[in-house]
Amino acid sequence: QAAENPYERGPAPTTSSIEATRGYFATAETTVSRYSVTGFGGGSIYYPTSTAQGTFGAVAVSPGYTAGKDSLAWLGPRVASQGFVVFIIDTNSVYDQPASRGDQLLAALDYLTQRSSVRTRIDPTRLGVMGHSMGGGGSLDASVKRPSLQAAVPITPWNTDKTWGGSRVPTFIVGAENDSIAPVSSHAEPFYQSLTAAPEKAYLEANGASHFYPNSPDTTLAKYVISWLKRFIDNDTRYEQFLCPPPARGTAIEEWRSTCPHLS
Ligand code: 9J3
Ligand code: ZN
């Protein structure tokens, strides 16, 4: 397996392994003071403690308007324990707009791969961005600014810019059916439709969910975030089974759109 794909990390996945609250790898957390960095507001790095399998891909994560890193903390160990370095940031100001959050996600990735205490654990060619609300809007912005990103996951994204045809990054957009702050009809859905140059894309609409549902642990959100990052940051086709054919509608999923099968 490793000979076929040098980026695979951890054992072959199962539905229970991607739904679990923790994955295969033990993790640790290190905090980065906002006063020790420039371009973003510091944050918490969650990383697998093992170096036995080589380096890991990494993802920077931005919270939404008025929120801090703690609002998404549950995702840190949940994703890192599957085999990623996860940097959940604070923004310079909690009032920063999406374009600024995009710049800050990229500054955080540069810090992570070039200066952080975990830099030797990371493969700097396999990076992604993720974020909630204005942080999700910032993830789209970062994707256009840095086409080398391997994955983007805007979660209940908010942005006044509705056109993302400039992004060439594989993008998984998550919307919430009952979101009244970033309604899917004017945010997540048009963003998804506008991603005409993204090599692959998917859209999950969480059934009956509100704007702030990603601020608490959610198994459906986690399992597909993990699958997307594995599939596109690690090129790990063992996770393709969870994405294509698309998951069926049900109690958790109101709608799913995607480009399947994944060709890249
Ligand atoms: O959680 C968010 O980032 C909400 C976006 C928002 O409230 O925009 C209105 C200014
Ligand atoms: Zn819909």
Side-chain angles (χ1 to χ4, degrees), residues 40-43 59-76 87-108 129-144 152-164 171-196 198 201-218 220-221 224-225 228 243 245-260:
F40 66 107
V59 56
V61 187
S62 168
Y65 191 66
T66 74
K69 64 177 182 165
D70 291 350
S71 68
L72 298 171
W74 70 274
L75 276 168
F87 193 7
I88 305 181
I89 67 167
D90 279 321
T91 45
N92 291 322
S93 159
V94 294
Y95 306 113
D96 288 335
Q97 295 295 301
S100 169
R101 289 169 195 265
D103 292 336
Q104 294 183 55
L105 284 165
L106 297 177
V129 290
M130 198 153 74
H132 176 232
S133 195
M134 284 196 189
S139 302
L140 291 161
D141 179 86
S143 299
V144 174
V153 185
I155 302 169
T156 60
W158 187 98
N159 207 313
T160 55
D161 188 340
K162 312 299 180 184
T163 54
W164 298 100
T171 302
F172 174 41
I173 294 189
V174 179
E177 184 187 14
N178 295 338
D179 190 333
S180 56
I181 293 171
V184 294
S185 60
S186 53
H187 293 270
E189 290 184 344
F191 300 165
Y192 177 82
Q193 290 307 127
S194 79
L195 287 165
T196 51
K201 58 179 180 172
Y203 172 66
L204 158 66
E205 191 171 309
N207 189 34
S210 68
H211 183 67
F212 296 105
Y213 101 93
N215 294 137
S216 300
D218 184 89
T220 301
L221 176 58
Y224 295 114
V225 166
W228 194 262
L243 300 169
R249 286 183 62 168
T251 53
I253 300 175
E254 199 277 329
E255 185 183 354
W256 188 285
R257 308 181 195 184
S258 61
T259 51
C260 281

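Quick caveat, the model's predicted, so the values are computed rather than measured. In each ligand, atom 1 is the first atom listed, and ligand 1 is the first ligand listed.
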If you measure from atom 8 (O) of ligand 1 to every heavy atom of Y65, Y95, W158, which option wins on shortest distance?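 The residue whose heavy atom sits nearest atom 8 (O) of ligand 1 is W158.
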
Can you tell me if, anywhere in E255, an N/O/S atom lies at a distance from the Zn ion (ligand 2) that is smaller than 2.8 Å?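 Given the 2.8 Å cut-off, E255 counts as a ligand of the Zn ion (ligand 2).
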
Has E205 got an N, O or S atom lying less than 2.8 Å from the Zn ion (ligand 2)?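 So E205 counts as coordinating the Zn ion (ligand 2), yes.
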
Can you confirm, on distance only, whether ligand 1 has an N/O atom lying under 3.5 Å from any N/O atom belonging to M134?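 So ligand 1 has an N or O lying under 3.5 Å from an N or O of M134.
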
What I want to know is whether H132 and ligand 1 share at least one N or O pair that is separated by under 3.5 angstrom.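 No: no nitrogen or oxygen of H132 is under 3.5 Å from one in ligand 1.
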
Could you find the nearest protein heavy atom to atom 1 (O) of ligand 1 and give me its residue, atom name and distance?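 Going by distance alone, atom 1 (O) of ligand 1 is nearest to S133 OG, 2.5 Å.
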
Closest approach of any protein heavy atom to atom 7 (O) of ligand 1, naming residue and atom: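 Ranked first by proximity to atom 7 (O) of ligand 1 is I181 CG2, 3.6 Å.
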
Answer whether the closest heavy-atom distance between the side chains of [X] and [Y] falls below 4.5 Å.
{"X": "M130", "Y": "I155", "result": "yes"}
{"X": "L140", "Y": "P154", "result": "yes"}
{"X": "Y213", "Y": "V174", "result": "yes"}
{"X": "M134", "Y": "Q97", "result": "yes"}
{"X": "L243", "Y": "F172", "result": "no"}

Give the contacting part of T156 toward ligand 1: side chain, backbone, both or neither, where contact means a heavy-atom distance below 4.0 Å.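 Near ligand 1, T156 shows nothing, with every heavy atom at 4.0 Å or more.
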
In terms of the angle between their ring planes, are W158 and H187 parallel, tilted or perpendicular, with boundaries placed at 30° and 60°?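 Plane angle under 30°, so parallel.
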
With heavy atoms of G64 as the reference, note each atom of ligand 1 found under 4.0 Å away.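 Answer for ligand 1: 3 (O).
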
Looking only at N, O or S atoms, find the one in E189 nearest to the Zn ion (ligand 2) and name it.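 Going through the N, O and S atoms of E189 one by one, OE2 ends up nearest to the Zn ion (ligand 2).
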
Given D96, D141, D90, T91, the one that forms side chain to side chain donor-acceptor pair (under 3.5 Å) with Q104: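 That would be D96.
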
